[in-house]
Amino acid sequence: PQDAIAAYTTRFVYMLRMCKRLELTPAIALTLAKRTHALDGTKLAKLFHNYTDLGKGTITRAALSHRYNPEQFLDTYRVIIQRLSADQHYKHLPFRIIMRAARDHSRNPQGFLDTYIATIQRLSADSRYRSLPAHIIREAASTNPKNPERFLDNYKATIQRLLMNPRYGD
């Protein structure tokens with residue numbers, strides 16, 4: 001048991017140092033350090049070295065969410081990004097939305113994107129939301145795909161509340 005504790009402690013400290021070198025946040029570093037039984041610092045460094053074309057956030061997410069095989073997730077992510085970016089149906093979409101589809105909806109990224117497009121069209125035509133800026137409607141569709149109306153209603157209520165406040169009314 002003592003050898004196992006010493007080995008874990010060594011890997012824990014090594015992971016913290018690796019995360020500091022990679023300039024990851026302390027919270028992420030601590031979470032990764034706790035999981036060194038599945039993903040050690042050397043493997044994390046290899047991920048950052050081998051996937052330089054992907055963002056730090058994507059690599060970190062793979063390390064946190066797919067710690068037993070982050071390479072498979074990252075390889076699949078790359079393929080999905082390339083395929084969707086080349087698809088004429090999705091070329092007009094912001095790249096961050098394609099990235100979100102690949103990262104968060106890898107089993108059905110097209111379904112997410114089709115829903116996103118349809119939601120924007122539906123909400124833009126809705127008289128309750130026509131006066132809202134287009135980027136707010138897009139944000140509602142991307143971050144709240146199950147209930148974008150709630151997001152938009154809350155947004156409108158917050159604006160109204162702020163306008164009623166003398167400090168923000170002008």
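- Here the side chains of Lys56 and Leu22 are not in contact, with every heavy-atom distance at 4.5 Å or above.
- What you find for Ala125 and Arg130 is that their closest heavy atoms are O-NH2, 2.8 Å.
- Here the closest heavy-atom approach between residue Ala140 and residue Pro148 is recorded as O-CB, 3.7 Å.
- Hydrophobic clustering (side-chain heavy atoms under 4.5 Å, transitive across Ile, Leu, Val, Met, Phe, Trp, Tyr) keeps Ile5 apart from Leu16.
- Contact of the Ile81 side chain with the Arg103 side chain is not registered, since no non-hydrogen atoms from C-beta on lie closer than 4.5 Å.
- With salt bridges taken as basic N to acidic carboxylate O contacts below 4.0 Å, one links Arg96 and Glu139.
- In this structure, Arg161 CZ and Asn154 CG are separated by 9.5 Å, a value rounded to the nearest 0.5 Å.
- Annotation for Phe112 and Ala101: closest pair CD2-CB, 3.6 Å, computed over non-hydrogen atoms.
- Here the straight-line distance linking atom OG1 of Thr158 with atom CG of Leu163 works out to 10.5 Å at 0.5 Å rounding.
- Cluster annotation: Ile117 and Ile98 are assigned to the same hydrophobic cluster (Ile/Leu/Val/Met/Phe/Trp/Tyr, side-chain heavy-atom contacts under 4.5 Å, transitive).
- Thr143 contributes atom OG1, which lies 11.5 Å from atom CG of Asp104 (distance to the nearest 0.5 angstrom).
- Side-chain contact between Asn108 and Gln110 is present, with heavy atoms from C-beta onward closer than 4.5 Å.
- Checking Asp114, Leu84, Leu113 one by one against His89, the side chain to side chain contact (heavy atoms under 4.5 Å, CB included) holds for a single residue, Asp114.
- Atom CZ of Arg17 is surrounded by 12 or fewer heavy atoms from other residues, nucleotides or ligands within 6.0 Å.
- Pairing each heavy atom of Met18 with each of Gly41, the nearest pair is CG-O, 3.6 Å.
- With hydrogens and angles disregarded, a donor-acceptor distance shorter than 3.5 Å links the side chain of Arg35 to the backbone of Leu64.
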Steps toward side chain to side chain contact (heavy atoms under 4.5 Å, CB included) verdict (Glu71, Asn69): CA-CA 5 Å; Glu71 298 88 352; Asn69 194 353; 3.3 Å; yes
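- Using a 30° and 60° split on the angle between ring planes, Phe73 and Tyr77 fall in the parallel class, below 30°.
- Annotation: the span from His92 atom NE2 to Ile97 atom CD1 amounts to 10.5 Å, rounded to 0.5 Å.
- The CG atom of Leu152 sits 6.0 Å away from the CG atom of Leu132 when rounded to the nearest 0.5 Å.
- Ile136 and Tyr129 end up in the same hydrophobic cluster when Ile, Leu, Val, Met, Phe, Trp and Tyr side chains are linked at under 4.5 Å.
- Note on Tyr14 and Leu44: same hydrophobic cluster, where clusters join Ile, Leu, Val, Met, Phe, Trp and Tyr whose side-chain heavy atoms are under 4.5 Å apart, directly or indirectly.
- Between Thr119 atom OG1 and Asp126 atom CG the span is 12.0 Å, to the nearest 0.5 Å.
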task: Check step by step if side chain to side chain contact (heavy atoms under 4.5 Å, CB included) holds for Phe151 and Ile137.
output: CA-CA 9 Å; Phe151 175 91; Ile137 292 174; over 6 Å; no
field: Criterion side chain to side chain contact (heavy atoms under 4.5 Å, CB included) on Thr31 and Arg67, from CA distance to verdict
entry: CA-CA 11 Å; Thr31 301; Arg67 59 187 182 260; over 6 Å; no
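- The number of heavy atoms from other shown groups lying within 6.0 Å of CZ (Arg150) does not exceed 12.
- Pro109 and Ser106 make their closest contact through CD-O, 3.5 Å (heavy atoms, listed as atom of the first residue, atom of the second, distance).
- Residues Tyr8 and Lys34 come closest through the heavy atom pair OH-O, 3.1 Å.
- Under the 4.5 Å side-chain contact rule for hydrophobic residues, Met15 and Ile28 share a cluster.
- Side-chain contact between Lys156 and Ser131 is absent, with no heavy atoms from C-beta onward closer than 4.5 Å.
- With a 4.5 Å cut-off on side-chain heavy atoms, Tyr116 and Leu93 count as touching.
- Other residues, nucleotides and ligands contribute only 12 or fewer heavy atoms inside 6.0 Å of the CG atom of Asp3.
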